[in-house]
Visitor: 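Structure incoming, see below.
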Protein chains: 2
Amino acid sequence: MTKTMKEMDVLRDHLAKHQLKLTRQRELILTAFLRQEHITAEAMYHQLAKKDPHLGLATIYRTLNLFCDAGIAQARHFGTQTQYDNISHKGHHDHLICTGCGTIVEFENCEIERLQEEVATKNGFVIQTHRLELYGLCSRCRH
Amino acid sequence: MTKTMKEMDVLRDHLAKHQLKLTRQRELILTAFLRQEHITAEAMYHQLAKKDPHLGLATIYRTLNLFCDAGIAQARHFGTQTQYDNISHKGHHDHLICTGCGTIVEFENCEIERLQEEVATKNGFVIQTHRLELYGLCSRCRH
DNA sequence: TATCCTCTTGAGACGGCTTATCAATTTCAA
DNA sequence: TTGAAATTGATAAGCCGTCTCAAGAGGATA
Ligand SMILES: [Mn+2]
Ligand SMILES: [Mn+2]
Ligand SMILES: [Zn+2]
Ligand SMILES: [Zn+2]
């Protein structure tokens, strides 16, 4: 999978490898998803209702989970809902979340990632994934 | 609140400050909770069913949430369930979780915590809480 | 210790979010 | 073009945690 491979091709590749099919719905949802940094299934459902009023919510969930399997998205539980992060452009990143207004700031810190590896190694683990979320108040919400 | 204060006194203190009452159930649940590193409400429900078959699940949830308010426990969402961590002895800590066997290793890394503050400050945030979970395979599960 | 206002409990209903079910439809390899 | 296999949409079901409310318990006060 080369760096220049478009996400649609990443999806096609994953589908082929798993005997899955490319459907009109999957194309539609991928196109919409790639315009987002992160989105919930429900939000995408409402957003796409304009283009295809018959698109089912279950299909959105199934498809976003498919994107996770294909490495295009990453699920993240926030509050009671699941956010689907678009990691196709930015790659891995963590989140800073304002508990006041819900603003989400994405960040990446190599030093933290390195220390995580160090902690894991020290305990005999090999890391597969991780989750780091910082909750607090943004400057606006503190006033 | 001194360092040597026993957890039962921490609870009593919190109850007094908030016009809450010390009940038989709260004492029972606290005693059981202090024997754990972390536990789910459901698991505690089954564990305590032997001692008190009439103890309700809602009471367990309410009481564990009370412990969170009192600073004795800390809720952590893991998978679909909520784990209540016993932070009374150890204080804040993060988790290394084996995706193979479910083993959980607790750790604390000051350097990571410091870098988190740095990231927050850089983005104008003041951190209230955070969550760091490393998922991977322990040495046994890799073989 | 008895009083009595308030807090707590237990049982089950309820609610939000996600997945399972299944008949009808679509995809795509042959 | 054909047909087996995957997918879809509607909705039921499931899970987990909270809410409701009548009955019961705690504890400050006298
Ligand atoms: Mn993101
Ligand atoms: Mn723990
Ligand atoms: Zn804010
Ligand atoms: Zn393991």
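Sequence lines set the chain letters: A, B, ... in the order given, protein chains first and strands last, and positions in each chain run from 1. Every heavy atom of this structure was used, including side-chain atoms; hydrogens, water molecules and symmetry mates were not.
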Visitor: B:H18: what forms a ring-ring contact (aromatic ring centres under 6.0 Å, His included) with it, not counting sequence neighbours?
Guide: B:H14
Visitor: Check whether the side chains of A:E106 and A:H93 place a donor and an acceptor atom closer than 3.5 Å, and report yes or no.
Guide: yes
Visitor: Mind calculating the distance between CG (A:D69) and P (D:dT7) to the nearest angstrom?
Guide: 12 Å
Visitor: With sequence neighbours excluded, what pairs up with B:H92 under the ring-ring contact (aromatic ring centres under 6.0 Å, His included) test?
Guide: B:H130
Visitor: Might you work through the side chain to side chain donor-acceptor pair (under 3.5 Å) test for A:Q25 and A:T63, ending with a clear yes or no?
Guide: CA-CA 8 Å; A:Q25 289 88 340; A:T63 305; over 6 Å; no
Visitor: As an exercise, state the distance from CZ of B:F125 to OH of A:Y135, rounded to the nearest 0.5 Å.
Guide: 12.0 Å
Visitor: Working to the nearest 0.5 Å, report the span between CD1 of B:I29 and CD1 of B:I39.
Guide: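 The CD1 atom of B:I39 is 10.5 Å from CD1 of B:I29, to the nearest 0.5 Å.
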Visitor: Nearest heavy atom decides the nucleotide; on that basis, is B:H54 or B:H18 closer to the 5' end of DNA chain C?
Guide: B:H18
Visitor: Closer than 3.5 angstrom, by distance alone: can the side chain of B:R76 be matched with the main-chain N or O of B:H38 as a donor-acceptor pair?
Guide: no
Visitor: Could you give the distance from CD (B:E7) to CD1 (B:I87), rounded to the nearest 0.5 Å?
Guide: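 One finds 10.5 Å between CD of B:E7 and CD1 of B:I87.
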Visitor: Determine whether more than 12 heavy atoms belonging to other residues, nucleotides or ligands lie under 6.0 Å from atom CZ of A:R140.
Guide: no
Visitor: Report for the helix from C:dT1-D:dA30 to C:dA30-D:dT1: angle between first-end and last-end helix axes, five pairs each, rounded to 10 degrees.
Guide: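 Comparing the first five pairs with the last five, the axes sit 30° apart.
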Visitor: Starting at CD1 of B:I60 and ending at P of D:dG17, how long is that distance when rounded to a whole Å?
Guide: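 It works out to 13 Å between those atoms.
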Visitor: Do any of residues 23-32 of chain B sit with a heavy atom less than 4.0 Å from DNA chain D, and if so which?
Guide: none
Visitor: To the nearest 0.5 angstrom, please state how far the OG1 atom of B:T59 sits from the CG atom of B:L48.
Guide: 11.0 Å
Visitor: Protein within reach of the bases, or only the backbone? For nucleotides 15-22 of chain C, mark each nucleotide 5' to 3' as B, S or -, using heavy atoms under 4.0 Å.
Guide: --SSBBB-
Visitor: Output a table of nitrogen or oxygen pairs between the protein and nucleotides 3-5 of chain D separated by less than 3.5 Å.
Guide:
{"from": "D:dA5", "atom 1": "N3", "to": "A:K21", "atom 2": "NZ", "distance (Å)": "3.0"}

Visitor: I need the minimum non-hydrogen distance between B:G56 and B:Y45, along with the two atoms involved.
Guide: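 Scanning both residues, the minimum pair turns out to be C-CE1, 4.0 Å.
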Visitor: Could you check how far NE2 of B:H46 sits from P of D:dC16, rounded to whole Å?
Guide: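 Rounding to the nearest Å, NE2 of B:H46 and P of D:dC16 are 11 Å apart.
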Visitor: Report yes if the distance between the aromatic ring centroids of A:F33 and A:F67 is under 6.0 Å, otherwise no.
Guide: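 A:F33 vs A:F67: aromatic centres under 6.0 Å.
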Visitor: Give me the one residue out of B:I112, B:L96, B:N109 that meets side chain to side chain contact (heavy atoms under 4.5 Å, CB included) with B:L132.
Guide: B:I112
